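To keep things clear, I will list the structure first and then write my remarks on it.
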Amino acid sequence: GSSSRSAAELAVVVGTYNRLDQIRRCIDSIRRETRTPTMIYVTDAGSTDGTVEYLQSAAAADLTPLLIGRKLGQAKAYNDVFRAIEAPYTAWLSDDNEVANGGLDRAVDILRAEPKIGMVGLKVRDKEGPFVKAPYIGGISKAGILNVNQGVLQTRVLREVEYFSETFGFYGIDPDLTAKVLFAGYDVVYTREVAIHHYRNWPADKSTPEWQALQKHHEKADRLYAAKYGALGRFDLLWHARRYGWKAWREL
């Protein structure tokens with residue numbers, strides 16, 4: 001009810017579609033790793049794999065399923081939930097995330113102690129996919145601006161910067177949000193420890209239509225980001241040299 005929602009100090013918003021095992025693992029980890037009074041909102045885009053039935057059965061004082069039933073696009077699906085949040089702190093996660101090391105509590109503690117910090121990046125470690133050798137993912141975008149893949153914000157800051165960009169839609173919404181928080185005059189910091197384990201299920205075969213679609217999403221996000229922030233940051237040779245050097249070292 002509204003009383004439990006208003007008692008929550010942290011709202012965690014997760015979007016899902018046909019990934020029952022992953023959303024269950026995500027929810028279990030939030031509950032296991034988090035002491036902060038939390039309301040979990042799961043927005044479902046019309047799953048047909050048992051996720052809807054699971055969410056209906058899992059609904060509780062700390063879990064509100066939002067059974068939208070159709071694909072709105074990631075930015076809009078999250079924004080529709082963000083706009084109704086009353087808790088002072090808001091986190092966004094993906095259904096393929098698992099909270100580790102009390103990461104959400106650490107982020108809330110940081111935000112509570114330092115009002116000038118607008119967002120805490122949850123340090124992410126890939127457990128599946130092409131980046132498992134990296135100690136964590138994220139860092140500096142091509143424009144020389146910090147990027148947070150998953151994070152916790154002051155809800156008032158999230159409102160001030162007007163949520164995720166629905167122009168980006170799917171990929172690119174997190175680096176855009178990070179940049180908006182920074183350019184609004186707030187600090188952005190990362191957790192010292194890994195806070196999220198990420199089970200990245202990218203297509204293994206690069207010749208598949210799924211891989212091609214993924215690349216198109218990334219290319220669109222890169223174009224929009226460059227158009228918006230390219231003049232503000234530094235698309236420089238040093239960044240590219242360091243990136244390729246790190247990639248070569250990682251693949252040794």
Side-chain angles (χ1 to χ4, degrees), residues 8-14 22 25-40 78 87-158 160-161 164 172-200 233-234 238-239 242-243 245-247 249-250:
E9 194 171 355
L10 172 67
V12 182
V13 184
V14 191
Q22 297 195 7
R25 177 176 59 207
C26 179
I27 290 168
D28 287 350
S29 74
I30 296 167
R31 286 171 163 164
R32 180 181 68 245
E33 295 289 332
T34 313
R35 297 183 316 276
T36 304
T38 298
M39 173 59 75
I40 307 164
Y78 279 77
Y89 306 106
T90 300
W92 84 92
L93 299 180
S94 298
D95 55 5
D96 57 4
N97 292 162
E98 180 180 30
V99 179
N101 298 318
L104 298 178
D105 285 339
R106 289 173 182 272
V108 170
D109 287 345
I110 292 165
L111 290 169
R112 201 187 283 124
E114 295 286 347
K116 67 178 183 175
I117 295 173
M119 176 159 68
V120 176
L122 300 168
K123 192 177 283 182
V124 177
R125 176 100 191 247
D126 272 14
K127 305 296 276 187
E128 287 178 5
F131 309 120
V132 291
K133 292 181 182 177
Y136 60 91
I137 61 169
I140 305 298
S141 74
K142 290 179 185 176
I145 304 168
L146 188 69
N147 169 39
V148 170
N149 293 89
Q150 318 291 159
V152 185
L153 301 91
Q154 296 187 51
T155 304
R156 65 176 184 82
V157 172
L158 183 60
E160 184 182 331
V161 301
F164 282 137
I173 58 176
D174 35 16
D176 175 68
L177 181 64
T178 314
K180 289 197 294 186
V181 172
L182 287 166
F183 286 120
Y186 296 96
D187 291 343
V188 175
V189 301
Y190 265 95
T191 56
R192 195 177 291 275
E193 295 181 3
V194 168
I196 298 290
H197 292 159
H198 181 209
Y199 295 84
R200 186 191 299 270
R234 296 178 300 109
L238 179 61
W239 181 89
R242 289 170 64 187
R243 184 170 188 261
W246 164 246
K247 189 177 179 184
W249 179 83
R250 196 180 70 223

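Keep in mind that what you see is a predicted model, and the values were worked out from it rather than measured. Just so it is clear, the values below take in all heavy atoms, side chains as well, and ignore hydrogens, waters and symmetry mates. Numbering starts at 1 and runs along the sequence shown.
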Mind checking side-chain contact (heavy atoms from CB on, under 4.5 Å) for [X] and listing every partner two or more places apart, or none if nothing turns up?
X      : answer
Gln22  : Arg19, Arg25, Asp95, Asp96, Asn201
Val189 : Ile110, Ile117, Val120
Asp105 : Thr34, Arg35, Thr36
Ala179 : Ile145, Phe183, Tyr229

For the atom pair [atom1] ([X]) and [atom2] ([Y]), what is the distance rounded to the nearest 0.5 Å?
X      : Y      : atom1 : atom2 : value
Leu111 : Thr155 : CG    : OG1   : 9.5 Å
Arg200 : Phe131 : CZ    : CZ    : 5.0 Å
Met119 : Gln154 : CE    : CD    : 11.5 Å
Thr191 : Tyr136 : OG1   : OH    : 10.0 Å
Leu122 : Asn97  : CG    : CG    : 8.5 Å
Leu153 : Tyr89  : CG    : OH    : 11.5 Å

For [X] versus [Y], what's the shortest heavy-atom pair and its separation?
X      : Y      : value
Val148 : Tyr190 : CA-OH, 3.4 Å
Ala11  : Ala87  : N-CB, 3.8 Å
Ala195 : Gly103 : CB-CA, 3.7 Å
Leu10  : Ala91  : CD1-N, 4.0 Å
Pro88  : Ala8   : CD-O, 3.9 Å
Glu33  : Asn101 : OE1-N, 3.4 Å

Q: Measure the acute angle between the ring planes of Phe164 and Trp92, then classify it against the limits of 30° and 60° as parallel, tilted or perpendicular.
A: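 Rings of Phe164 and Trp92: perpendicular, over 60°.
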
Can you list the residues that meet the salt bridge (charged side-chain N to carboxylate O under 4.0 Å, His left out) rule with [X], with sequence neighbours excluded?
X      : value
Arg106 : Glu193
Asp28  : none
Glu98  : Arg32
Glu114 : none

Q: Please examine the side chains of Leu104 and Ile30, heavy atoms only from C-beta on, and report whether any two atoms are closer than 4.5 Å.
A: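 They are in contact (side-chain heavy atoms under 4.5 Å apart), so the answer is yes.
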
With sequence neighbours left out, write down each residue that passes side-chain hydrogen bond (donor to acceptor under 3.5 Å, both in side chains) with [X], or none if nothing qualifies.
X      : value
Glu128 : none
Asn149 : none
Asn147 : none
Thr38  : none

Q) Which residue, Lys133, His198, His197, forms the side chain to side chain donor-acceptor pair (under 3.5 Å) with Asp126? A)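 For Asp126, the side chain to side chain donor-acceptor pair (under 3.5 Å) test succeeds with only one of Lys133, His198, His197, which is His198.
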
Q: Go through the side-chain N and O atoms of Tyr186 and Glu160 and say whether any donor and acceptor fall under 3.5 Å apart.
A: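 There is such a pair (donor and acceptor under 3.5 Å, judged by atom type) between the side chains of Tyr186 and Glu160.
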
Q: Give a yes/no verdict on a cation-pi contact between Lys127 and Tyr199, requiring under 6.0 Å between NZ or CZ and the six-membered ring centre and an angle within 45° of the axis.
A: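 No.
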
Q. Per the side-chain contact (heavy atoms from CB on, under 4.5 Å) rule, which among Ile196, Val14, Val99 passes with Cys26?
A.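 The side-chain contact (heavy atoms from CB on, under 4.5 Å) with Cys26 is passed solely by Val14 among Ile196, Val14, Val99.
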
